[in-house]
Amino acid sequence: MAFTVVNTVKGTKEEIPIVLMDVQRLGIDALRAQPGFRFARLLVAEDGTEAMLIIEWESRDHFVAYRQGEIGRKLVETAMRLHPHISFYEV
C-alpha cells in the first residue's frame, strides 16, 4: 500500500517564496534516488500564503527506511526550522 507524507507551511506572501527556495535547497532531488520513492509535488496556495510538499512512497516501510537514513535525517533536521505541519496517509 502506498504511503504519502504531506508537509504544510503557512506564512505571509513574503515568507512563502523564501520557504519554496528553502525546500528546493533541501535537496529534494536526493529523494528520487531513495528506494521506494514514487513522486514529490510542491504546491503553493493561490493566495500565496501556504506551501505544501507531498511525497509518495511505495510503502510506509520505504518511508521509515528513508527517514532513518542519513539523507532523511538531514532533510528533516533542516526542514524543522520551517515548522511544517506533517500528516501521514495510506493510499
Side-chain angles (χ1 to χ4, degrees):
M1 180 177 298
F3 189 74
T4 301
V5 180
V6 179
N7 297 278
T8 305
V9 177
K10 294 184 179 189
T12 66
K13 290 181 180 183
E14 294 75 29
E15 292 170 325
I16 293 300
I18 295 167
V19 169
L20 297 175
M21 289 186 337
D22 286 345
V23 168
Q24 291 171 349
R25 277 190 221 123
L26 287 175
I28 299 304
D29 290 337
L31 287 173
R32 291 186 179 103
Q34 300 303 304
F37 172 81
R38 286 192 173 180
F39 72 83
R41 179 167 291 139
L42 184 58
L43 306 173
V44 179
E46 188 173 29
D47 69 0
T49 62
E50 183 176 22
M52 182 180 298
L53 176 62
I54 302 169
I55 306 170
E56 186 170 300
W57 299 90
E58 288 180 21
S59 69
R60 184 180 190 284
D61 290 341
H62 283 101
F63 166 71
V64 170
Y66 149 77
R67 174 60 184 91
Q68 292 176 348
E70 181 181 342
I71 292 173
R73 284 192 315 267
K74 181 180 178 182
L75 290 177
V76 170
E77 288 170 7
T78 304
M80 291 314 295
R81 66 183 171 74
L82 302 175
H83 306 289
H85 172 79
I86 304 171
S87 302
F88 304 97
Y89 302 90
E90 290 184 349
V91 181

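These figures come from a predicted structure and were not determined experimentally.
- Contact between Gly11 and Ile16 at its shortest, heavy atoms only, is N-CD1, 3.7 Å.
- Phe3 has its side chain out of reach of Val64: every pair of non-hydrogen atoms, C-beta onward, lies at least 4.5 Å apart.
- Evaluation of the salt bridge (Lys or Arg N to Asp or Glu O under 4.0 Å) rule for Asp61 yields no partner, not counting sequence neighbours.
- Note that CD1 of Ile54 is 8.0 Å distant from OG1 of Thr8, once rounded to the nearest 0.5 Å.
- The side chain to side chain donor-acceptor pair (under 3.5 Å) test applied to Glu14 returns Thr12, not counting sequence neighbours.
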Indicate every side-chain donor-acceptor pair of residues 83-91 with a distance under 3.5 Å to a residue at least two apart or in another chain.
residue: His85; atom: NE2; partner: Ser87; partner atom: OG; Å: 3.3

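- Under the 4.5 Å side-chain heavy-atom criterion for grouping Ile, Leu, Val, Met, Phe, Trp and Tyr, Ile55 is not connected to Met52 through any hydrophobic cluster.
- Identified under the ring pair (Phe, Tyr, Trp, His ring centres under 6.0 Å) test for residues 4-36, with sequence neighbours left out: none.
- Considering every non-hydrogen atom in both Trp57 and Gln34, the closest pair reads CZ3-CB, 3.8 Å.
- Residues satisfying the side-chain contact (heavy atoms from CB on, under 4.5 Å) criterion with Glu70, sequence neighbours excluded, are Arg73.
- Linking ILVMFWY side-chain heavy atoms closer than 4.5 Å, directly or via other members, places Leu20 and Leu31 in a single hydrophobic cluster.
- Going from atom NZ of Lys13 over to atom CG of Asp47 covers 6.5 Å, rounded to the nearest 0.5 Å.
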In residues 36-46, what donor-acceptor pairs under 3.5 Å come from side-chain atoms, sequence neighbours left out?
residue: Arg38; atom: NH1; partner: Glu56; partner atom: OE2; Å: 2.9

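- Taken to the nearest 0.5 Å, the CG atom of Leu53 stands 10.5 Å off from the CD atom of Gln24.
- The two residues Ile71 and Ala30 come nearest to each other via the heavy atoms CG2-CB, 4.0 Å.
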